[in-house]
Amino acid sequence: MKIKLFYFARLKETLNYSTEDLALPDEPITILKLKALLAKRGDTWGQMLMGKLKVRAAINHELVADNATIHDGDEVAFFPPVTGG
Amino acid sequence: MKIKLFYFARLKETLNYSTEDLALPDEPITILKLKALLAKRGDTWGQMLMGKLKVRAAINHELVADNATIHDGDEVAFFPPVTGG
Amino acid sequence: MTVRVQTEDFDIGFELKQLRLARQDIGAVVSFVGQVRDINEGDAITTLTLEHYPGMTEKSLENIISQAKNRWDIVDALIIHRVGTLQPLDQIVLVAVSSAHRGDAFNACEFMMDYLKTEAPFWKKEVTPQGERWLEAKQADDDASARWNMKK
Amino acid sequence: MTVRVQTEDFDIGFELKQLRLARQDIGAVVSFVGQVRDINEGDAITTLTLEHYPGMTEKSLENIISQAKNRWDIVDALIIHRVGTLQPLDQIVLVAVSSAHRGDAFNACEFMMDYLKTEAPFWKKEVTPQGERWLEAKQADDDASARWNMKK
């Protein structure tokens, strides 16, 4: 399956990625598993996604918990806790 | 002693008095006693000041209770509960 | 603090800007504006006349601001209240509070409105097609004001 | 409901007037405006840059207004949030609510700000004389948002 990924704020800046298209095996995957998968790309990725930093995730523009499941065609985003207002 | 009296809103309209100077015996008098005194002026006065209508009072621009004491030179006001805002 | 009782209308944009730009440590401005509604208690309102007690009104509004300043960490506050004859959609009152953080400004602004409703010497008379009538004070306003005595 | 995410400044006077005059049964408009402070956590702020997640931002702000409408008896609500690079004393956000009575407008407006602070995808980066830094989310904001789950 194919998903679209977005990174924001500190994650975007540190990973130097704002968006990417990702091809994944055709089976359900949770946010947590996707994070673990991406963390294998290297130390920076591991630190940003599985380290001490709190990371929040959205699927198709909805905030979701780590056990939420990603489906084919979903837009997934990773970002720090929000600080607007 | 001499005091200045003010009436507002429904009281002013019904009594047809907005302000008056009043001479009273030289002894302390409470708001309640003053109301009773004024109520003797006639039925309308009695109904407005000692009837079912809630009347609030101020001495020198401060809201006071019925047992507050009036002194020489005070400015006393009678009015219905406030409805601004 | 600023307190104004006036027959003229007021410009909210201007007033809030003055309050907001007064100090660089202000992060929040909360405001309330009240306007004349076209219907009250089921009857159409033609006009609304506001009477007040000159002298006491200003004093009581200043006192309300002082109480808010004592209770919350706010920078400044403003109350403008109109008197005289108004029509539906006319602005009646503006209460605005500036502070570093939003919680204090929200609390102080609502407190000031609740106290104004029960302590400031204003009286409203409505003209409806059925005639004139003085508004009665509402128990809900007394309750709203009283609950601040229970809050921290 | 109106939601706008924009780099341009906004005119509070104009926005509140639109909201207020929309219906004759509106008696109250409560608003919050946030501005950039000159000092945060002890450091002078030169500029503040706001990043957001286009698409999700608008959706989350609309969702916040819908939640407020479900919880309180309000007529309408408005959220304008700026993004891009701002300076001290620049306006960041306007949240405004219109209703027949003031209690609903105060509650809805504060609720919307608290939810915006914890749910809307905006991120702030400050430039100080010591360099750049991303702002950390505050526990106080999580607490402010969480308390609405306990209120009626």
Side-chain angles (χ1 to χ4, degrees), chain C residues 9-17 19-40 44-45 48 75 87-103 105-114 116-117 138 140-141 143-144 147, chain D residues 9-17 19-40 44-45 48 75 87-103 105-114 116-117 138 140-141 143-144 147:
Chain C
D9 199 8
F10 47 82
D11 178 345
I12 299 188
F14 175 79
E15 300 298 341
L16 295 188
K17 191 169 184 176
L19 204 61
R20 184 171 70 75
L21 296 179
R23 271 175 39 184
Q24 296 214 323
D25 57 349
I26 290 170
V29 173
V30 171
S31 73
F32 171 92
V33 56
Q35 78 175 355
V36 182
R37 289 185 298 145
D38 63 337
I39 288 187
N40 192 27
I45 303 305
L48 179 74
V75 173
Q87 285 163 352
L89 293 182
D90 279 350
Q91 302 185 119
I92 306 174
V93 59
L94 174 66
V95 171
V97 180
S98 61
S99 64
H101 303 288
R102 73 187 182 284
F106 271 111
N107 277 320
C109 190
E110 190 168 13
F111 165 87
M112 284 167 60
M113 267 312 298
D114 287 344
L116 187 156
K117 283 265 179 188
K138 288 185 198 145
D141 287 328
D143 295 346
R147 82 202 150 99
Chain D
D9 198 8
F10 47 82
D11 178 343
I12 299 187
F14 175 79
E15 301 297 342
L16 295 188
K17 192 169 183 176
L19 204 60
R20 183 171 70 74
L21 296 180
R23 270 175 40 184
Q24 296 214 323
D25 56 349
I26 291 170
V29 173
V30 171
S31 73
F32 171 92
V33 56
Q35 78 175 354
V36 183
R37 289 184 298 145
D38 64 337
I39 288 187
N40 192 27
I45 303 305
L48 178 74
V75 173
Q87 286 164 354
L89 292 182
D90 279 351
Q91 302 185 120
I92 305 174
V93 59
L94 174 66
V95 171
V97 180
S98 61
S99 64
H101 303 288
R102 72 186 183 286
F106 271 111
N107 277 321
C109 190
E110 190 168 12
F111 164 87
M112 285 167 59
M113 267 312 297
D114 287 344
L116 188 157
K117 282 266 180 188
K138 288 185 197 146
D141 287 330
D143 295 346
R147 82 200 149 99

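Throughout, protein chains are lettered first and strands after them, A, B, ... in sequence-line order, and every chain is numbered starting at 1. Note that the structure is predicted; figures quoted are calculated from it, not measured. Just so you know, these numbers use all the heavy atoms, side chains as well, and skip hydrogens, waters and symmetry mates.
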Check your understanding: Given a strict heavy-atom distance threshold of 4.5 Å, which part of E15(D) is in contact with chain C: side chain, backbone, both, or neither?
Key -> neither
Revision key, fill the gap. Scored by heavy-atom pairs under 4.5 Å with chain D, the best of V36(C), I45(C), D114(C) is D114(C)
Review point. Considering only heavy atoms from C-beta outward, does the side chain of I39(C) approach that of D25(D) to under 4.5 Å?
Key: no
Point to revise | Leading residue by heavy atom contact count with chain C [cutoff under 4.5 Å; candidates R23(D), K17(D), H101(D), Q91(D)] | key: Q91(D)
Check your understanding: Is the backbone N or O of L89(D) less than 3.5 Å from a side-chain atom of R20(C), with the two atoms forming a donor-acceptor pair by type?
Key -> yes
**Study point:** A140(D), part contacting chain C, at a heavy-atom distance under 4.5 Å
**Key:** neither
Review point. Can R102(C) and D141(D) be counted as an ion pair, charged N to O under 4.0 angstrom?
Key: yes
Practice item. Check whether N40(D) gets within reach of chain C through its side chain, its backbone, both or neither, counting any heavy atom under 4.5 Å. Key: neither
Review point. For I26(D), is it the side chain, the backbone, both, or neither that has a heavy atom closer than 4.5 Å to a heavy atom of chain C?
Key: both
Exercise for review: Give a yes or no on whether the ring-centroid distance for F106(C) and F106(D) is below 6.0 angstrom.
Suggested key: no
Review point. With only heavy atoms counted, which part of K117(D) is less than 4.5 Å from chain C, the side chain, the backbone, both or neither?
Key: side chain
Study note, to complete from the structure: In terms of heavy-atom pairs under 4.5 Å with chain C, the winner among L21(D), D11(D), I12(D) is L21(D)
Point to revise | Beyond-backbone contact of L16(D) with L16(C), side-chain heavy atoms, under 4.5 angstrom | key: yes
Review point. A28(D) versus chain C, heavy atoms under 4.5 Å apart: side chain, backbone, both or neither?
Key: both
